[in-house]
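Single-structure report; data block below.
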Amino acid sequence: MPLKVLDATVSSFDGVFDKFRSEASQNKANLILFLADKDPSTSLSWCPDCVRAEPVIYKKLEASSDDIALLRAYVGDRPTWRNPQHPWRVEPRFKLTGVPTLIRWENDEVKGRLEDHEAHLENKIDALVADK
């Protein structure tokens, strides 16, 4: 199966990220998708941009014949994410400003990113995966 998916929360991220990084050289592309948690009452993300982008991202990645790793990093509920001191907002490697954010991880650093307003655009997803 070309698409390998790992899931992490803020509390489990470090361990999952270590695994993701240790396997990175085996893949054509390594992506991190920062996204909002699902609302337990609706089973949908509380973030409308995530609801719009997720199906497009998954469709594009699943259609690829390349080995791709996707680490889905859930930022938490809305109040947790809104905190200016959220760990991924202040983390120097990621510096998140919005969700969803799709990051290409290569050579142990951020190589490219799609922010919330563009993460649903198929041509931009293709370019990020292809590193163009």
Side-chain angles (χ1 to χ4, degrees):
M1 184 174 87
L3 180 62
K4 293 178 276 192
V5 178
L6 299 168
D7 287 331
T9 61
V10 172
S11 59
S12 70
F13 183 79
D14 288 344
V16 178
F17 189 50
D18 287 344
K19 177 177 168 45
F20 174 81
R21 289 167 63 196
S22 72
E23 298 172 355
S25 63
Q26 304 166 24
N27 304 308
K28 172 95 168 49
N30 296 283
L31 305 170
I32 307 170
L33 175 60
F34 291 95
L35 68 166
D37 283 18
K38 306 261 185 267
D39 181 332
S41 65
T42 64
S43 297
L44 293 173
S45 170
W46 55 258
C47 160
D49 289 336
C50 295
V51 172
R52 178 175 63 171
E54 274 187 86
V56 181
I57 292 168
Y58 300 148
K59 180 181 90 172
K60 295 305 287 182
L61 299 183
E62 288 166 358
S64 173
S65 60
D66 294 321
D67 287 332
I68 297 173
L70 176 66
L71 170 52
R72 293 187 299 198
Y74 291 91
V75 302
D77 60 16
R78 189 185 304 258
T80 301
W81 171 242
R82 292 281 182 231
N83 180 343
Q85 294 306 307
H86 187 286
W88 295 330
R89 287 186 185 275
V90 298
E91 161 63 59
R93 291 175 295 191
F94 306 129
K95 296 188 191 100
L96 290 191
T97 58
V99 288
T101 297
L102 183 63
I103 288 177
R104 182 182 175 101
W105 186 261
E106 193 174 303
N107 298 322
D108 225 24
E109 64 183 19
V110 173
K111 184 75 174 185
R113 69 193 299 144
L114 297 177
E115 303 284 346
D116 49 356
H117 61 279
E118 59 190 358
H120 66 287
L121 300 173
E122 292 190 29
N123 62 324
K124 295 212 175 200
I125 297 166
D126 287 339
L128 185 71
V129 171
D131 193 25
K132 291 184 178 150

With rounding to the nearest 0.5 angstrom, report the CG to OG1 distance, Asp37 to Thr80.
7.5 Å
Pair Lys28-Asp67, salt bridge (charged side-chain N to carboxylate O under 4.0 Å, His left out): steps then yes or no:
CA-CA 5 Å; Lys28 172 95 168 49; Asp67 287 332; over 6 Å; no
Any idea which heavy atoms bring Ser43 and Lys38 closest together, and the distance?
O-CD, 3.3 Å
What pair of heavy atoms forms the shortest contact from Ala36 to Val75, and how long is it?
CA-CG2, 3.9 Å
Once you round to the nearest 0.5 Å, how far does OG of Ser25 lie from CG of Asp108?
11.0 Å
Any side-chain heavy atom of Leu31 sitting closer than 4.5 Å to one from Leu61?
yes
Do Leu102 and Arg113 make a side-chain contact, defined as non-hydrogen atoms from C-beta onward lying under 4.5 Å apart?
no
When you measure from the side chain of Asn30 to the backbone N and O of Ala69, does any donor-acceptor pair fall under 3.5 Å?
no
Measuring only between side-chain heavy atoms, which start at C-beta, is Leu71 closer than 4.5 Å to Val16?
yes
Okay, side chain of Asn27, backbone of Ala29: is any donor-acceptor separation there less than 3.5 Å?
no
If you draw a 6.0 Å radius around CG in Asp18, do more than 12 non-hydrogen atoms from other residues or ligands fall strictly inside?
yes
Side-chain ion pair, Glu122 and Lys59, N-O less than 4.0 Å
yes
Under 3.5 Å, side chain of Thr101 to main-chain N/O of Gly98, donor-acceptor pair present?
yes
Mind listing the closest non-hydrogen atom pair of Lys60 and Ile125 along with its distance?
CB-CG2, 3.9 Å
Residue pair Val51 / Ser45: nearest heavy atoms and the distance that separates them:
CG2-O, 3.7 Å
Is there a chain of hydrophobic side chains (I, L, V, M, F, W, Y, each step under 4.5 Å between heavy atoms) that links Leu6 to Leu33?
no
Val10, Phe17: one ILVMFWY side-chain cluster at the under-4.5 Å cut-off?
yes
For residues Pro100 and Cys50, determine if any side-chain heavy atom of one lies less than 4.5 Å from a side-chain heavy atom of the other.
yes
Expected output: side-chain Asp66 to main-chain Ile68 donor-acceptor under 3.5 Å
no
With a 4.5 Å cut-off on side-chain heavy atoms, are Tyr58 and Arg72 touching?
yes
Give the minimum heavy-atom separation between Val99 and Cys47, together with the two atoms involved.
O-SG, 3.5 Å
Kindly write out the residues that satisfy ring pair (Phe, Tyr, Trp, His ring centres under 6.0 Å) with His86, not counting sequence neighbours, or none if the list is empty.
Trp81, Trp88
For Val90 versus Pro84, what's the shortest heavy-atom pair and its separation?
CG1-O, 3.7 Å
Under 4.5 Å between side-chain heavy atoms, counting indirect links through other Ile/Leu/Val/Met/Phe/Trp/Tyr residues: same cluster for Leu70 and Trp105 or not?
no
Taking the side chain as every heavy atom from C-beta outward, state whether Leu35 and Glu54 have any pair of such atoms under 4.5 Å apart.
yes
Any sub-3.5 Å donor-acceptor pair from Glu91's side-chain atoms to Arg93's backbone N or O?
yes
With sequence neighbours left out, write down each residue that passes salt bridge (charged side-chain N to carboxylate O under 4.0 Å, His left out) with Lys124, or none if nothing qualifies.
Glu118
Angle between ring planes, Phe94 versus Phe13, binned at 30° and 60°: parallel, tilted or perpendicular?
perpendicular
Between Arg104 and Glu106, is there a side-chain N and carboxylate O pair less than 4.0 Å apart?
yes
Contacts of type ring pair (Phe, Tyr, Trp, His ring centres under 6.0 Å), residue Tyr74, not counting sequence neighbours
none
For the hydrophobic clusters of this structure (ILVMFWY residues joined by side-chain heavy atoms under 4.5 Å, transitively), does one cluster hold both Ile32 and Val5?
no
Given 3.5 Å as the limit, does a donor-acceptor pair link the side chain of Arg78 with the main chain of Trp46, or not?
yes
